[in-house]
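Taking it in order: structure first as structure tokens, then the write-up.
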Amino acid sequence: ATPETAGVTDDGIRRRDFLDIAAVSAAGIGGLAVVYPLVSQMAPSKDVLAASSTEVDVSAIQPGQAIKAVFRKQPLFVRRLTPAEISAAEAVATSSLRDPQTLEERTKEGHKDMLITMGVCTHLGCVPLGAAEGEVKGEFGGYFCPCHGSHYDTAGRIRKGPAPKNLEVPEYEFTSDTVIQVG
Ligand code: FES
């Protein structure tokens with residue numbers, strides 16, 4: 001190579017290096033911009049965690065209906081089960097479950113028709129469907145996560161798909177027959 005063409009080659013390499021570095025930096029910044037909201041959503045600040053409870057009046061929820069509330073900035077599903085949904089949940093052999101729990105263990109005494117769970121898929125945190133009339137409820141009649149196809153049953157227990165755990169039941173209590181206090 002003549003000194004002239006070698007010079008061009010060197011210059012070309014230097015430019016490519018610069019462009020690669022620029023591309024990596026942009027990807028890094030772009031990646032952070034995408035990841036940050038997810039992280040901030042998944043890890044509520046201490047203030048939010050310390051914030052007091054959420055009250056939900058369940059009197060208007062008919063059997064087979066569910067509503068979405070918010071608890072600690074995350075969706076909360078409040079669902080009144082039908083007798084058929086209760087029977088379906090109780091008919092399952094607990095030993096066959098990935099995360100074995102009975103409906104009784106997931107509800108309060110005398111209120112096994114009220115299922116209170118976080119509306120956060122235990123796989124990667126999407127919001128499952130089934131907390132409003134007309135939404136897809138999945139193969140087991142409870143909730144269905146559209147992100148990667150996890151199916152939860154009428155007790156909110158994981159039955160199929162990648163999620164490792166049942167939908168979380170938060171701390172809550174009935175402060176009257178019709179009002180629950182979560183948290
Ligand atoms: Fe629900 Fe992946 S986040 S299946």
Side-chain angles (χ1 to χ4, degrees), residues 27-51 53-54 56 58 61-82 84-108 112-172 180 182-183:
I29 291 162
L32 276 180
V34 170
V35 167
Y36 176 73
L38 289 174
V39 169
S40 74
Q41 190 188 5
M42 288 164 71
S45 71
K46 283 208 178 96
D47 289 353
V48 172
L49 288 174
S53 49
T54 299
V56 184
V58 301
I61 307 173
Q62 298 301 312
Q65 282 187 338
I67 61 165
K68 281 182 202 166
V70 176
F71 175 55
R72 290 182 178 162
K73 288 197 169 176
Q74 293 191 311
L76 177 78
F77 291 170
V78 181
R79 180 187 190 94
R80 191 184 295 279
L81 303 179
T82 63
E85 287 172 334
I86 293 171
S87 303
E90 289 180 335
V92 180
T94 315
S95 58
S96 71
L97 295 171
R98 189 178 300 171
D99 181 8
Q101 271 188 322
T102 62
L103 175 64
E104 213 170 16
E105 287 168 334
R106 293 176 57 74
T107 53
K108 298 291 184 199
K112 71 178 174 185
D113 62 330
M114 289 306 312
L115 180 69
I116 321 297
T117 62
M118 297 309 296
V120 179
C121 182
T122 60
H123 180 221
L124 292 175
C126 288
V127 179
L129 301 174
E133 271 187 296
E135 279 189 342
V136 179
K137 293 180 179 175
E139 224 173 276
F140 297 90
Y143 298 102
F144 171 68
C145 182
C147 289
H148 315 94
S150 286
H151 296 253
Y152 296 90
D153 68 12
T154 57
R157 297 172 299 195
I158 182 65
R159 299 293 297 277
K160 190 175 170 185
K165 308 282 276 177
N166 301 333
L167 292 181
E168 182 194 345
V169 175
E171 291 286 321
Y172 72 93
I180 57 166
V182 186

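Keep in mind that the numbers below use all heavy atoms, side chains included, and drop hydrogens, waters and symmetry copies. For ligands, and for the atoms within them, numbers begin at 1 and follow the listed sequence. Only a predicted model underlies this, so the values are computations on that prediction, with no experimental measurement involved.
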With respect to the side-chain SG atoms, do Cys145 and Cys126 come within less than 2.5 Å?
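No; the two sulfurs sit 2.5 Å or more apart.
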
Is it true that, when you exclude Glu90 itself, more than 12 heavy atoms of the residues, nucleotides or ligands shown sit nearer than 6.0 Å to its CD?
yes

Given 3.5 Å as the limit, does a donor-acceptor pair link the side chain of Arg79 with the main chain of Thr117, or not?
no

Gln65 side-chain N/O to Ile61 backbone N/O, donor-acceptor pair under 3.5 Å
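Flag not set: sc Gln65 to bb Ile61 has no pair under 3.5 Å.
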
Using the salt bridge (Lys or Arg N to Asp or Glu O under 4.0 Å) rule, collect all pairs that involve residues 138-167, keeping only residues at least two apart or in two chains.
Glu139-Lys160, Asp153-Arg157, Asp153-Arg159

Ligand 1: protein residues within heavy-atom distance under 4.0 Å:
Cys121, His123, Leu124, Gly125, Cys126, Cys145, Cys147, His148, Gly149, Ser150, Pro162

Using 30° and 60° as the class boundaries, would you call the ring planes of His151 and Phe144 parallel, tilted or perpendicular?
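The arrangement is tilted - the two ring planes meet at 30° to 60°.
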
